[in-house]
Amino acid sequence: MKINLNNFEKFETRHNSVSGAQLSEMLKVVKADSLDQLIEETIPQNIRLKKRLNLPEAKTEFDFLKEFKALAVKNKLFKSYIGLGYHNCITPNVIVRNILENPGWYTAYTPYQAEIAQGRLEMLLNFQTLISDLTGMEIANASLLDEGTAAAEAMSMFRATRKKDKKTANKFFVADTCLPQTIDILKTRCEPIGVELEVGDYTTLALTDENLFGVLLQYPEVNGEVVDYTDLISKAHDNNVKVAVAADILSLTLLTPPGEMGADAVVGTTQRLGVPMGYGGPHAAYFATKDEFKRLIPGRIIGVSKDAEGNTAYRMALQTREQHIKRERATSNICTAQVLLAVISAAYAVYHGPEGLKNIGLRVHGLSKLLADSLSKAGLSLENKVFFDTLTIAVQSSENQQKVKEEALAQEINFRYIGDSQIGIALDETTTVADVAQIVAIFEKALGLNTQVDVATLAENIELAIPQTIARKSDYLSHPSFHKYRTEHELLRYLKRLENKDLSLVHSMISLGSCTMKLNATTEMIPITWPEFGQLHPFVPVDQAEGYAELFKNFENFLCEITGFDAVSLQPNSGAQGEYAGLMTIRDFFKAQGQAHRNVALIPSSAHGTNPASAIMAGMKVVIVKCDEHGNIDVTDLKEKAEQHQENLAALLVTYPSTHGVFEEAIMEICKITHDNGGRVYMDGANLNAQVGLTNPGFIGADVCHLNLHKTFCIPHGGGGPGMGPIGVTKELAPYLPNHPVVDINGGASSAVSAAPWGSASILGISYAYIAMMGTEGLENATKTAILNANYLKEQLSKHFPILYTGKNNRCAHEMIVDCREFKKHGVEVEDIAKRLMDYGYHAPTVSFPVPGTLMIEPTESESKEELDRFCDTLISIRKEIQEVIDGKADAQNNVLKNAPHTATMATTGEWDYPYSIEQAVYPLAFVKERKFWPSVRRVDNAYGDRNLVCSCLPVEEYIEEEEVTQ
Ligand SMILES: *Cc1c(COP(=O)(O)O)cnc(C)c1O
């Protein structure tokens, strides 16, 4: 027997799940002779690439990890005391293994289907409780993207809540003691919406300024000083000015929370609560405010409601706030946020409890006091009067500063160098007495001080330094969640119990149209927990991050090759942030061209809600373009509107293939019409999974495009984040990509859109791995297989359901819309179908977007024929159940659809008095028995929860009362 040793097993065969005999069977079903014929009938000829992508040869999983490790170790792991919103911390290993490295948690989708998401909803409620308790506020959301954008959201919320005498007030003040990246993001966000931003000294701020509507302060300040803002906030309120405070979450374990000082909003990051710095992210930002602003809170809010039996159940609350509904009236575009990171921080707080958190706070503060005392003994002078964990040390001259810097670098330590004669040092959870001794010794040695301070002896007896006037007196985290799981066994089992309530990709396919829930391969995830990627502070000198630099360079090249663009920005932390960044790039370009007046954005009616919301944030005027009866952009209407707004046209926002799952034939003409009228084309790249390797935005004629790396490029959804939304642009737009105030990334003049220079840098490796292991052919096959799988489902389902739109040859792209509106006449809502799917072990497809009353199904290339067939059988079986209702054979209200989902409790406790069998309810098809997933609650009552809004765990007394009642 002979074998060819040049053939090796390709990763592609693990990711793309159809080949060989199955492929032929599926092609037969879709009536195509070959995969290529199917593709030719699906993608318009004029947009097909003329040559193949030129990507490096595909690597095996084994080789990839070996080579990636060699790249990773080029990052130098110096100890960083830089602070500025990023701190070393310790992720408890029980959390690393059971959440961060666990697909049961990280492959889940955003918890829109509450009944099969109770686990992460409960942990997010813990997160909200943690935040509202520590900040002293009434209500908190379930995370935003980073501290800087959270501060910008506070500005935006204050602007939206201006009352009577402040209706036209237009100035927002940011204290110059705020973090530099936060100030820069505010610059970006204020300018397009016409808000005047003043950066300055808050002690001389004229609060009586009639034009002033809001203020942002930092707590503790950037240089570590802790200031009591109570009087300032009270004077601001006297003048009808609202105040947001960006607060260090750990400091609030010891300091009076801003809520008790009267703040209207408190924002920040929970990074230091157990989430690695990751060279910038991802981490969860928090946003807490007063109850009166609840309808204007950005991002997702988890609330308590009840299920059909009256049991407590959680779900996302007040969804009408979100841009999906508000569209061009939205004030925020947050979609994907940071759920997995919020879950990790919440678990960290659950594990440590209030005493544990306080001890961490005390220790960090104590070490800082030790450092302060030691440095004073060494004769150095401190700039701080009151501090938590950050000190500013005056070294008198730039020569001294330089000497300390050289010695610190020689000992592989990073401090923060401020101006030309100060040094900033922020301590953290990982700091030890030995570290403090080392810091002191560095100063002594560098400055030739002969003091030899005995740090170890001083450490035995440290007098804490937080004055009573600002020390925290109120309790926090009294809820049982923060007390019951303090041993590893208890936490381990709590995490597993929660995980078991949630349906994720470890159970079955999640066919969410537009969200591309494909395989998140284990090998892609492995480097996430490598310290070489996880433990870098985003502001270390770039020569310590050469591994990252190489990763970025290669990855940007990959993305340029795939998109057909000339330059890429890796800064935006989500697709929606990419939209915003892209539109701002267009805006800055026009400004530089002397065409600042161009401000009209044409947006098709089928666009995702984030498109109009982002356009508004970028200061644009939204003009809606109609779609025709085939779901395509109405080219005549587009032409008319483009010509009508010719003078001021800035951009067209177009999703391709369309949100209707069709490759519109006219796309090149659509781009041309936009260009002919002076505008630029923004392509929403959420559907790039149908393009990669076969066509691309640059070739089609777009000028900018974002890539949802958590859709097309395998970053797991994390239960609602993290994600990444880098943008690609043409040459003319490249100079206007976002830059960063602390780390100059491109020499450009544009301000930042995210807090970190390269966004959530540490998860870029996932997408990098995917591209490196798939190579040109693997990626092409992924696209083709995604299209095949969608057309296969379409063919099978079209015998039972109307399919809403298709292309010229009756082909769909990588997703399709199943029309369920007919059933409404008979009382069956699309929601009933979504809930009934749970009884079969499936997550619903996208419900009611982009067309109300429909299901948008996207199978992706990673689902096998067997899985697609089970899903089809399920929908066909549900269709039969609907027919029973239509035919009057089943009761219109009391039926399997209306009562879905069915829980184990229903099936096993008490009388079964439904007009159908238990078996029909819970094992409707044979395959379900072996794969049964039990929804943990019955259908959740959304309206009840919104009427009785509760967004944190109930206080402990109420729980005890409740328990007494039930006993
Ligand atoms: C997912 C999606 C977005 C938003 O992306 P996020 O990463 O969630 O911010 C925008 N447009 C379309 C069509 C999408 O599917």
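Index from 1, following the sequence. For ligands, and for the atoms within them, numbers begin at 1 and follow the listed sequence. As a basis for the values below, the full set of heavy atoms in this structure was taken, side chains included, without hydrogen atoms, waters or symmetry mates.
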Check: D588/S750 side-chain N/O donor and acceptor closer than 3.5 Å: yes
Going by heavy-atom distance to atom 9 (O) of ligand 1, choose the closest among P722, A613, A576, G578. A576
Can the ring centres of Y805 and H630 be said to be less than 6.0 Å apart? no
Using a strict cut-off of 4.0 Å, indicate which atoms of ligand 1 neighbour a heavy atom of E579. 10 (C), 11 (N)
Between S332 and E153, is any side-chain donor less than 3.5 angstrom from a side-chain acceptor? yes
Looking just at side-chain N and O atoms, do H15 and E861 make a donor-acceptor pair shorter than 3.5 Å? yes
Would you mind checking which non-hydrogen protein atom is closest to atom 11 (N) of ligand 1, with the distance to 0.1 Å? D684 OD2, 2.5 Å
Without hydrogens or angle criteria, can the side chains of S658 and H660 be said to hold a donor-acceptor pair below 3.5 Å? no
Tell me whether H706 has any N or O atom under 3.5 angstrom from an N or O of ligand 1. no
Do T655 and ligand 1 have an N or O pair less than 3.5 Å apart? no
Flag for S751-T188: side-chain donor and acceptor within less than 3.5 Å: yes
One finds that the ligand 1 atoms under 4.0 Å from a non-hydrogen atom of S514 are 13 (C), 14 (C), 15 (O)
Check Q691 against Y656 and note the closest heavy-atom contact, atom names and distance. NE2-O, 2.8 Å
Check whether any N or O atom of N708, backbone or side chain, sits under 3.5 Å from an N or O atom of ligand 1, and answer yes or no. yes
For the 3.5 Å polar cut-off, considering only N or O atoms, please tell me whether F849 and ligand 1 meet it. no
Taking every non-hydrogen atom, the tightest pair across Y682 and G582: CE1-CA, 3.8 Å
Closest by any non-hydrogen atom to atom 2 (C) of ligand 1: pick that one out of K711, H608, Q577. K711
Quick check: T336 and ligand 1, any N/O pair under 3.5 Å apart? yes
Any nitrogen or oxygen of N611, side chain or backbone, less than 3.5 Å from one on ligand 1? no
Got an N/O contact under 3.5 Å between G575 and ligand 1? yes
